[in-house]
Amino acid sequence: MTPSEAAQLLGHCAAFDNRTVGKVDARAWAAALNDVPFDDDAVAAVAAFYGTPPKDPSQKLWIQPHNVRTLRTKIRNARLENFQYEPMPDETVGEYLARYRGQVQAIASGRMAAPSGRLALEGGPSREFVAELEARGWDGNRTVPDEDDEPAAELIDTVRRTGPLGVVCPMCSAEIGFPCKSSHGTKKHPLGRPLAKPHTARVRAASGEPQQTPEQRAAEEERIRAASARALARLDDADIPDAEIVEEAS
């Protein structure tokens with residue numbers, strides 16, 4: 001792009017942002033875009049830049065040379081989206097490279113119409129291939145039912161998660177996948193505070209152990225209370241010396 005061509009391009013920019021264009025501006029843009037020609041795509045890049053609203057509505061759009069370069073490349077690459085080289089029979093490597101570059105240049109510049117659609121695969125598997133698949137247990141093209149059938153109960157049981165969370169808790173009735181909860185509700189957890197560890201009854205149920213009877217649970221709770229009382233008694237009987245205050249030397 002020459003300085004005179006850059007001045008014309010800056011004139012298109014000024015139509016959008018009201019910038020002033022001088023000889024210094026034209027020479028600077030020509031130096032920045034020395035490998036970019038002044039063509040319809042360069043002008044379209046300016047229009048595309050100012051046709052897109054900024055991310056910040058309070059921001060004023062102000063195009064720079066790198067914006068012209070980037071948007072012009074995008075415009076040309078969009079025409080090549082469905083491009084496929086059309087070879088000639090018995091062409092040499094040199095002929096292939098020359099024809100390939102010529103086709104790319106012609107379509108990218110817009111001189112040749114871009115392909116209108118993508119090529120689609122045609123045909124299907126051969127009968128021999130289908131017969132081989134059916135011999136290996138393939139059921140053929142299966143249709144999707146109109147309505148979803150309820151899965152069988154035995155299939156549901158096979159996908160249960162492992163561990164205590166894979167069963168309903170017998171103590172707090174926590175559902176599968178949800179943690180156990182305390183019996184007392186709070187403002188944040190009106191149905192019970194989630195517990196870090198599952199109830200013992202839930203652990204036993206997950207491992208297949210028989211559940212304790214009410215009498216056994218009462219005896220276990222009494223055993224825990226007795227152990228706690230003994231521990232507290234040992235703390236009361238222990239001879240804990242009074243704290244000694246040590247004054248720092250001044």
Side-chain angles (χ1 to χ4, degrees), residues 49 51-61 67 70 74 78 81 118 121 125 130 132-250:
F49 179 83
T52 304
K55 295 181 179 179
D56 184 1
S58 62
Q59 178 185 5
K60 180 180 179 181
L61 291 177
N67 300 126
T70 301
K74 289 184 177 180
E81 182 178 0
R118 298 180 181 272
L121 295 177
V130 173
E132 181 66 22
L133 290 178
E134 292 176 347
R136 296 175 181 269
W138 185 54
D139 295 333
N141 294 326
R142 294 172 291 180
T143 57
V144 179
D146 295 334
E147 298 180 357
D148 294 335
D149 297 330
E150 291 293 332
E154 59 271 14
L155 295 181
I156 296 179
D157 292 338
T158 60
V159 297
R160 299 293 190 193
R161 61 183 299 172
T162 59
L165 296 186
V167 297
V168 177
C169 181
M171 289 291 295
C172 63
S173 302
E175 297 292 339
I176 294 176
F178 291 88
C180 292
K181 52 183 179 291
S182 62
S183 57
H184 303 287
T186 61
K187 291 183 178 180
K188 185 176 181 181
H189 303 285
L191 299 180
R193 179 175 55 85
L195 302 178
K197 295 183 179 181
H199 287 115
T200 304
R202 194 175 193 180
V203 176
R204 295 173 64 90
S207 59
E209 300 179 14
Q211 294 296 329
Q212 294 178 327
T213 63
E215 294 77 11
Q216 290 174 334
R217 287 199 298 270
E220 180 67 17
E221 293 175 358
E222 182 61 29
R223 184 188 65 81
I224 295 175
R225 282 196 292 267
S228 300
R230 289 194 298 271
L232 291 175
R234 286 195 299 268
L235 292 177
D236 293 338
D237 296 339
D239 185 13
I240 302 177
D242 297 332
E244 181 180 356
I245 301 175
V246 178
E247 296 182 358
E248 294 184 359
S250 55

So CG of Leu232 and CZ of Arg230: to nearest 0.5 Å the spacing works out to 11.0 Å

d(Glu215 CD, Glu220 CD) to nearest 0.5 Å is 14.0 Å

task = Would you please test Ile176 and Val168 for side chain to side chain contact (heavy atoms under 4.5 Å, CB included) and show each step?
result = CA-CA 5 Å; Ile176 294 176; Val168 177; 4.1 Å; yes

What one should report as the nearest heavy-atom pair of Lys55 and Pro57 is O-CD, 3.5 Å

Closest non-hydrogen contact found for Cys169 with Arg202 is CB-CD, 3.5 Å

When rounded to the nearest 0.5 Å, the distance separating CZ of Arg193 from OG of Ser182 is 5.0 Å

In short, Val167 meets Ala205 closest at the heavy-atom pair CG2-CB, 4.3 Å

When every non-hydrogen atom of Val203 is compared with those of Pro164, the smallest separation belongs to CG2-CG, 4.1 Å

Open item on the list: If you count every heavy atom of other residues, nucleotides or ligands that lies below 6.0 Å from Arg136 atom CZ, does the total exceed 12?
Closed with: no

- Task: Start with the C-alpha gap between Met171 and Cys180, add the side-chain angles, then the distance that decides, and say whether side chain to side chain contact (heavy atoms under 4.5 Å, CB included) holds.
- Result: CA-CA 8 Å; Met171 289 291 295; Cys180 292; over 6 Å; no

